[in-house]
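Note: hydrogens, waters and symmetry copies are ignored here, and every other heavy atom, side chains too, is used.
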Amino acid sequence: MPLSGGRTSVGFVTGKDTFAELRREHDTLDDVFLSLVKDSPAVRDLVADAEYLGTARVETDYSYVGGRFGGPGYMIVGDAACFLDPLLSSGVHLALYSAFNAAAGIASVSRGEVSETEALTYFEFAYRRAYTRLLALVSVMYERYLGKDGFFHTSDRLVDTSGIRERAKSLSFVEIIAGVSDMREAHDASTRVLTERLVNEAFQVQERMSVVDGRPDFSSVLENPLRDAESSEYRLVTTPRLGLERIFADAER
């Protein structure tokens, strides 16, 4: 990764057991890093004329999620709000989806269609739902003992499959990874799976994973429950212009 001042960041991703073995074989983290560079022809050639500035650093279980995704005057999108795992390129979807919802909210606020509080509430609701769904799905991928059928059954529980007679086992998985389920729910509130189900799925996976390999703590998801009722009256629209549309008008508004 290119940095300022002509510097380049070089990193390696490996399993905990492999890293532990490498660490035992070398005196320092710098020695571990330099040995990895030496053992990788591609990286070794790229940095052949470079100066090693050190020191090597190690990050483990780097997934995270913010306590809040926005506040007065701002919305936090992409990796600034949350990050899951390089698996499945989930960060690409979360970045684009959060930016899309943020833009819709900002546009509607600027036109006086919804208040800033309403836009922030919907943004938090939509983005955190997308994150929670992917949290459950990505984490399940680490559970090798579940098998393919268990994985696809989990995917089915994370999306609305009502009204569909015949459904390929892999369809729910494809919809989640492609972002189709999130976009559909953003537009049509009637297709939204209850948030309680998403949170429960994430909680159950976290419970199992903490026993298996010490996956990171996602308590901030569980400590900030999303309330379907608070956002069920809004939906994201793209025509005739991008924004939030109120579905049910409150008599007091």
Side-chain angles (χ1 to χ4, degrees), residues 63 65 69 81-82 84-85 87-98 100-102 104-105 118-143 146 148-209 215 218-238 244-248:
S63 299
V65 56
F69 289 174
C82 56
L84 271 175
D85 193 287
L87 281 173
L88 308 178
S89 298
S90 58
V92 175
H93 167 59
L94 290 176
L96 294 173
Y97 183 66
S98 60
F100 195 43
N101 278 278
E118 290 171 320
L120 286 169
T121 298
Y122 179 80
F123 174 75
E124 177 92 21
F125 173 84
Y127 192 11
R128 197 172 289 274
R129 276 180 62 88
Y131 170 82
T132 305
R133 193 194 323 267
L134 283 169
L135 160 65
L137 187 61
V138 169
S139 297
V140 165
M141 293 194 71
Y142 289 97
E143 298 185 82
L146 278 182
K148 183 175 65 175
D149 288 340
F151 181 68
F152 288 142
H153 285 321
T154 299
S155 299
D156 276 341
R157 293 195 298 270
L158 296 172
V159 298
D160 180 17
T161 59
S162 61
I164 302 177
R165 294 180 181 177
E166 296 182 3
R167 188 181 185 89
K169 286 186 177 181
S170 60
L171 183 56
S172 296
F173 167 73
V174 172
E175 286 194 352
I176 294 173
I177 298 306
V180 173
S181 53
D182 286 326
M183 289 302 298
R184 182 175 60 243
E185 289 186 0
H187 177 69
D188 186 354
S190 68
T191 67
R192 293 173 190 164
V193 173
L194 288 176
T195 299
E196 181 181 1
R197 183 192 299 180
L198 298 183
V199 173
N200 284 340
E201 287 289 335
F203 177 75
Q204 289 171 18
V205 170
Q206 180 185 340
E207 288 270 288
R208 296 194 298 265
M209 295 309 294
R215 293 297 299 162
F218 294 103
S219 58
S220 58
V221 171
L222 309 175
E223 293 167 358
N224 290 283
L226 308 178
R227 294 173 175 82
D228 294 308
E230 290 183 355
S231 295
S232 61
E233 61 182 273
Y234 303 101
R235 66 172 183 164
L236 185 148
V237 294
T238 56
L244 298 181
E245 180 179 86
R246 188 174 282 113
I247 303 173
F248 303 109

- request: Go through the steps for Arg184 and Ser181 under the test side chain to side chain donor-acceptor pair (under 3.5 Å), then give the verdict.
  value: CA-CA 5 Å; Arg184 182 175 60 243; Ser181 53; 5.4 Å; no

Arg157 and Thr154 side chains, donor-acceptor separation under 3.5 Å: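 Side-chain D/A pair, Thr154 to Arg157: present.
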
Determine whether [X] and [Y] make a side-chain contact, defined as any pair of heavy atoms from C-beta on separated by less than 4.5 Å.
X	Y	value
Phe125	Thr195	yes
Val193	Leu158	no
Ile176	Asp182	no
Tyr234	Ile247	no
Leu135	Glu201	no

[X] and [Y]: which non-hydrogen atoms are nearest, and at how many Å?
X	Y	value
Thr132	Leu198	CG2-O, 3.6 Å
Ser98	Ala95	OG-O, 3.1 Å
Arg129	Leu194	NH1-C, 4.1 Å

Intermediate values then yes/no, side chain to side chain contact (heavy atoms under 4.5 Å, CB included), Leu134 and Ile177: CA-CA 8 Å; Leu134 283 169; Ile177 298 306; 4.3 Å; yes

task: For salt bridge (Lys or Arg N to Asp or Glu O under 4.0 Å), just list the numbers for Arg235 and Glu185, CA-CA rounded to whole Å, side-chain angles, deciding distance to a tenth of an Å, and then say yes or no.
output: CA-CA 8 Å; Arg235 66 172 183 164; Glu185 289 186 0; over 6 Å; no

- request: Report the C-alpha separation of Arg246 and Glu118 in whole Å, then their side-chain angles, then the decisive distance to 0.1 Å, and conclude whether the salt bridge (Lys or Arg N to Asp or Glu O under 4.0 Å) test is met.
  value: CA-CA 10 Å; Arg246 188 174 282 113; Glu118 290 171 320; 3.0 Å; yes

statement: Ala104 meets the side chain to side chain contact (heavy atoms under 4.5 Å, CB included) criterion, sequence neighbours left out, with Leu236, Leu242, Leu244

Under 3.5 Å donor-acceptor, Tyr97 side chain and Ala130 backbone: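 Side chain of Tyr97 to backbone of Ala130: no pair is present.
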
message: Over 60° means perpendicular and under 30° means parallel, so tell me whether Phe69 and Tyr127 are parallel, tilted or perpendicular.
response: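 Plane angle between 30° and 60°, so tilted.
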
Nearest 0.5 Å please: distance from the [atom1] atom of [X] over to the [atom2] atom of [Y].
X	Y	atom1	atom2	answer
Leu94	Tyr131	CG	OH	9.0 Å
Arg133	Arg128	CZ	CZ	14.5 Å
Arg192	His187	CZ	NE2	10.5 Å

